[in-house]
Amino acid sequence: MGGGQLSSAPLPRSFFDRPSHEVAPDLLGRVLVHGGVDGIVAVRLTEVEAYGGPGEDPAAHTYRGRTPRNAVMFGPPGHLYVYFTYGMHFCANLVCLPDGFGSAVLLRAGEVVEGLAAARARRSSSNGKPIADRDLARGPARLAVALGLTREHNGLDAILEGSPLGRPRQSATMLEGVPADPSLIRSGPRTGISTAKEVPWRFWIDGDPTVSPYRAHVPRRRNTAATSVGEAPRS
DNA sequence: AAGTAGATACACT
DNA sequence: GTGTATCTACTTA
């Protein structure tokens, strides 16, 4: 099956020239297309999170200013900020506000609407069990895998004329798609962060099966040679 | 359905 | 050295 046609136009760069918490809900229902060497995959966004700028959002990578890792977030809007975390995962963001600011929207989950075969292949599990289609891009690291986004795509411009369908290598385009019904948009606290827990900058489409389950931050206790004197390990 | 452990590498203090 | 914008597998219901 060739699936559907991706007929919508690219979003203009001006779409991202706003604070990330205004861009974020407007991104729901939009489509990100990425062409990799092993196929082209498009994802319709169903869940996102906004992260603010230096000094204003303790949960943002830019909170303490510019570093080599977060440099892309301080660049022009509409580019991909892809970072590596937990020793094994990549997560993708779209940069907001003009050059010099430092904010972005984390792409947390979506529905694969094109390139189902390529997405399945990239997400094929180690135990050989097939992955449900709704789980292909359900979670930020899974979404990055499904789209084929890794470290090398950090800084890639997602505002391009035309879709990457004719340019299957190394190009991404953020399409207009069909904006989510405003009455279905929900917001709440962001997932997995240890600071600014109360800021309701996570946005999702209510009832969509591809939205990831909310998980609060869990401080990971290091293995400090649990042979502590006298004290039994508490659970 | 819900909880938790373990994996893993890197940025930043 | 410490903490992490996570995921999978495995456990107990």
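Proteins get letters first, then strands, A, B, ... in listed order; numbering begins at 1 in each. Hydrogens, waters and symmetry mates are skipped; everything else that's a heavy atom, side chains included, is used.
Counting non-hydrogen atoms under 4.0 angstrom, A:R215 reaches nothing in the nucleic acid. Heavy atoms of A:R123 sit under 4.0 angstrom from primed sugar atoms or phosphate atoms, though from no base atom. As judged by a 4.0 angstrom heavy-atom cut-off over every strand, A:A59 is placed among the base-contacting residues. Nucleic acid contact for A:I193: sugar-phosphate only, since backbone atoms but no base atoms lie under 4.0 Å from a heavy atom of the residue. Among the heavy atoms of the strands lying under 4.0 Å from A:R69 are primed sugar atoms or P, OP1, OP2 only; no base atom is included.
Whole-Å rounding puts the A:Y214 OH to B:dA1 C1' distance at 18 Å. Summarising the geometry, the separation between NE2 on A:H217 and P on B:dT4 is reported as 14 Å, rounded to the nearest angstrom.
A salt bridge does not link A:R134 to A:D208: none of the charged side-chain nitrogens sits closer than 4.0 Å to a carboxylate oxygen. The existence of a salt bridge linking A:R190 and A:E49 is excluded, since no basic side-chain nitrogen approaches an acidic carboxylate oxygen closer than 4.0 Å. No salt bridge links A:D135 with A:R123; every basic N to acidic carboxylate O contact stays at or beyond 4.0 Å.
Closest to the side chain of A:F84, from the set C:dT6, B:dC10, B:dA11, is B:dC10. Listed candidates were C:dC7, C:dA5, B:dC12. Nearest to the side chain of A:A141 is C:dC7. Picking from B:dC10, B:dC12, B:dT13 the nucleotide with the shortest atom distance to the side chain of A:R151 gives B:dC10.
Pair assignment for C:dC10: B:dG3, on the basis of Watson-Crick or G-U wobble contacts that are both within less than 3.5 Å. Searching all strands for a Watson-Crick or G-U wobble partner of C:dG3 with both distances below 3.5 Å returns B:dC10.
If you check the side chains of A:H61 and A:Y81, you find a donor sitting under 3.5 Å from an acceptor. Side chains of A:S212 and A:E47: a donor on one and an acceptor on the other come within 3.5 Å.
Stacking between A:Y86 and the base of B:dA9 is absent under the criterion of ring centres within 5.5 Å and planes under 30 degrees.
Close to B:dT8, at under 4.0 Å from its OP1 or OP2, lies no side-chain N or O of A:H89. For C:dT4, the OP1/OP2 oxygens have a side-chain nitrogen or oxygen of A:S194 closer than 4.0 Å.
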